[in-house]
Amino acid sequence: MQLYKDQQIHVFNSLSGQKERFQPIVEGHVGMYVCGPTVYSNVHLGNVRTFMSFDMIFRYLKHLGFKVRYVRNITDAGHLENDADEGEDKITKKARLEKIEPMEVVQRYTVDFHNVLDIFNFLPPSIEPTATGHIIEQIELVKSIMDNGFAYEVNGSVYFDVHKFNETEHYGKLSKRNLEDLVHNTRALDGQSDKKNPQDFALWKRAEAQHIMRWPSPWGDGFPGWHLECTAMSTKYLGDKFDIHGGGMDLKFPHHECEIAQNEAAKGCSPVNYWMHANMLQLNGQRMSKTTGNTVNPHELLSGDNKFFSKAYSPSVIRFFNAQSSYRSVLDLTDNGLQASEKGFHRLMDAINLLEELKGDSSSTFNVQEWKQKCYDAMNDDFNTPILIAHLFEAAKLINQIKDNKASLTSEDLGLLKQTLHDFSFDVLGLMNITEMNTGADKLSGAIELLIELRQQARLNKDFAMSDKIRDELAAVGIQLKDGKDGTTFTIN
RNA sequence: GGCAUCUUGGCCGAGUGGUUAGGCAGAGGUCUGCAAAACCUUGUACAGCGGUUCGAAUCCGCUAGAUGCCUCCA
């Protein structure tokens, strides 16, 4: 019996603007596509937040027993910088600046991207396809759209005819716009354009002589348009119609809108049942921006080497911080917020570690089964991790009460509590148990146990100068002693 | 300028038409040689102005602000 048969998920669908019961196309299987990074610079922290949210969703779906094919692309062909003819491929530009090969830039930042995700304990996607590896599929897609009459060629470039498409379909249904408004609000472009209408977007762009990244096509040498790769790769690996498509809120328009149009024009069906969008990350209440300097990259955040934060924060603290807000809310990264999360995170981990030492009792004062279902209910409600965490803290409180003999659980309930806590904290939220990792060093633990014993001797001898010296100097190096009824334990921060 | 989303107690951050979110910080207490940790107790918030309703912070409208997209930045 798979868990997903008991647990009914509801997801917020950007397309309908409301929560809907999640029903995969093929029972027990989920196809999920998430727009990946453009690898022309170090991965943006906001991008990491988006992927972190979908990593959590991927983890939960897997936990429920779904067979998930999770596809997250690598955009290595670069996006057009603008739709004008002088539009330049981002990767080409950067490469020229640095005097190296485009694919060298791509390689460097792809490696960096994977390093960052590893540090944050991401699960790798099932398939991580590259745009440059799917040029043929993209050309075929352009042909289909042209054959169906929704694209036209001008001077070696091919454009999607948005107005023609809008005659029979609604261009703008995802982002809640309509074409008339777009027409009225489009600013006059200075440059000359081959496009019939400003709303049209490129499917294929002719490469100018200096353009390094280029491929032969029926329309001459060129490169694929901005939105094409996601349609080509999502349908190749997940089918013409699949379950979940995710990405950052900023991609809703025009990127995802164009994906829908391309798919409908090429395949005659809307590609996705559930569109999910993760909200933006802010830094101190402001949007992150390279131009204003209000930005911090993942390495700087983790090392503490930045001007925004008082200290370094561990990857799990950042994950925990992220999970304390909904993926659909704007998340404001602040020093106070991270510090509060860090303390809460350590309290939760301490409780989970303490659970290992608890002994079962003859009866339970707490309904673990009911609590467990509340955890699932939280996740089933559009992956509500803040509520889940509230329930995890309820368990932490219970564990501390059991330690103080103010509550009790049977061995069976203890096992269930432990299993559930581990499932949600580590498997679903992807947290790492730092305390356990550190104390796993047996030699260090042994040394600390000895110091605890010496301190206890000193206390019995009323040599408080000595006992306090041991306590305080251990605290100074980040080892905290905790005196309880049944002896002293410690945690390493 | 247009469209969209959001605005919650000292801070962060959920949620609901009438019942406790949770975390951090603060206060009091238990424990302790003193502390720390842990536990117990404690705060009655929902931008402003109107409206719908027996009742709204939760629904509707307007105003203000923030954010996103429309324009290179995830």
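A note on names: the letters A, B, ... follow the listed sequences, proteins ahead of strands, and every chain is numbered from 1.
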Find the distance [X]:[atom1] to [N]:[atom2] and express it as a whole number of Å.
| X | N | atom1 | atom2 | value |
| --- | --- | --- | --- | --- |
| A:H256 | B:C70 | NE2 | P | 13 Å |
| A:K252 | B:U67 | NZ | C1' | 13 Å |
| A:H44 | B:C72 | NE2 | P | 15 Å |
| A:K173 | B:C69 | NZ | P | 23 Å |
| A:W371 | B:U20 | CH2 | P | 22 Å |
| A:Q282 | B:U5 | CD | P | 18 Å |
| A:N294 | B:A66 | CG | P | 15 Å |
| A:L182 | B:A4 | CG | P | 12 Å |

Select from A:R471 and A:Q339 the residue whose nearest nucleotide in RNA chain B is closer to the 5' end of that strand. A:Q339
On RNA chain B, compare the nucleotides closest to A:I389 and A:L251; which residue's is nearer the 5' end? A:I389
Could you tell me how far [M] sits from [N] if I compare only their [atom1] atoms? Round to whole Å.
| N | M | atom1 | answer |
| --- | --- | --- | --- |
| B:C31 | B:A37 | C1' | 11 Å |
| B:A57 | B:A21 | P | 16 Å |
| B:U58 | B:G17 | P | 11 Å |
| B:A36 | B:G28 | P | 12 Å |
| B:G15 | B:C70 | P | 28 Å |
| B:A64 | B:G48 | P | 16 Å |
| B:U63 | B:G26 | P | 43 Å |
| B:A38 | B:C12 | C1' | 24 Å |

Close side-chain approach of A:I9 to A:Y60, heavy-atom, < 4.5 Å: yes
Is there side-chain contact between A:K195 and A:Y159, with at least one heavy-atom pair below 4.5 Å? yes
Is there a Watson-Crick or G-U wobble partner for [N] with both distances under 3.5 Å, and which nucleotide is it?
| N | value |
| --- | --- |
| B:A64 | B:U7 |
| B:C69 | B:G2 |
| B:U58 | none |
| B:A14 | none |
| B:C31 | none |
| B:U52 | none |

What protein N or O atoms touch nucleotides 25-27 of chain B N or O atoms at under 3.5 angstrom, if any, and at what distances?
unit_1	atom_1	unit_2	atom_2	d
B:A25	OP1	A:K343	NZ	3.3

Heavy atoms only: give me the nearest A:I119-A:M432 pair and the separation to one decimal. O-CE, 3.6 Å
In short, A:Y313 meets A:I318 closest at the heavy-atom pair O-CD1, 3.9 Å
Using a 6.0 Å distance limit plus a 45 degree cone around the ring axis, check whether A:R72 lies over the aromatic ring of A:F54. no
Cation-aromatic face contact A:R319/A:F122, 6.0 Å, 45 degrees: yes
Ignoring backbone atoms, establish whether A:Y40 has a side-chain N or O less than 4.0 Å from OP1 or OP2 of B:C72. no
Sorted by chain and number, sequence neighbours left out, ring pair (Phe, Tyr, Trp, His ring centres under 6.0 Å) with A:H44 holds for none
Base versus backbone protein contacts along nucleotides 8-17 of chain B [heavy-atom cut-off under 4.0 Å; B, S, -]: -----SSS--
The contact string for nucleotides 37-43 of chain B, one letter per nucleotide 5' to 3', using protein heavy atoms under 4.0 Å with B, S and - for base, sugar-phosphate only and none, comes out as BSSS---
From the list A:H277, A:H245, A:H227, ring pair (Phe, Tyr, Trp, His ring centres under 6.0 Å) with A:H255 holds only for A:H227
Name the residue from A:W226, A:W275, A:Y171, A:Y33 that meets the ring pair (Phe, Tyr, Trp, His ring centres under 6.0 Å) definition with A:H256. A:W275
With sequence neighbours excluded, residues passing side chain to side chain contact (heavy atoms under 4.5 Å, CB included) with A:K176: none
Partners meeting side chain to side chain contact (heavy atoms under 4.5 Å, CB included) with A:N306 (sequence neighbours left out): A:V296, A:E300, A:F308, A:F309
Measuring from the side chain of A:R459 (C-beta onward, heavy atoms only), which nucleotide among B:U32, B:A74, B:C3 has the closest atom? B:U32
Any base atoms under 4.0 Å from A:L392, or only sugar-phosphate, or nothing? Heavy atoms, all strands. nothing
Closer than 3.5 angstrom, by distance alone: can the side chain of A:N367 be matched with the main-chain N or O of A:Q369 as a donor-acceptor pair? yes
Any donor-acceptor pair under 3.5 Å linking the side chain of A:D76 with the backbone of A:A131? yes
Nearest 0.5 Å, please: how far is CD in A:Q8 from OH in A:Y376? 15.0 Å
Are the ring of A:F464 and the base ring of B:G33 both nearer than 5.5 Å at their centres and tilted by less than 30°? yes
Does A:R177 contact B:C70 through a side-chain donor or acceptor facing the base, at a distance under 3.5 Å? no
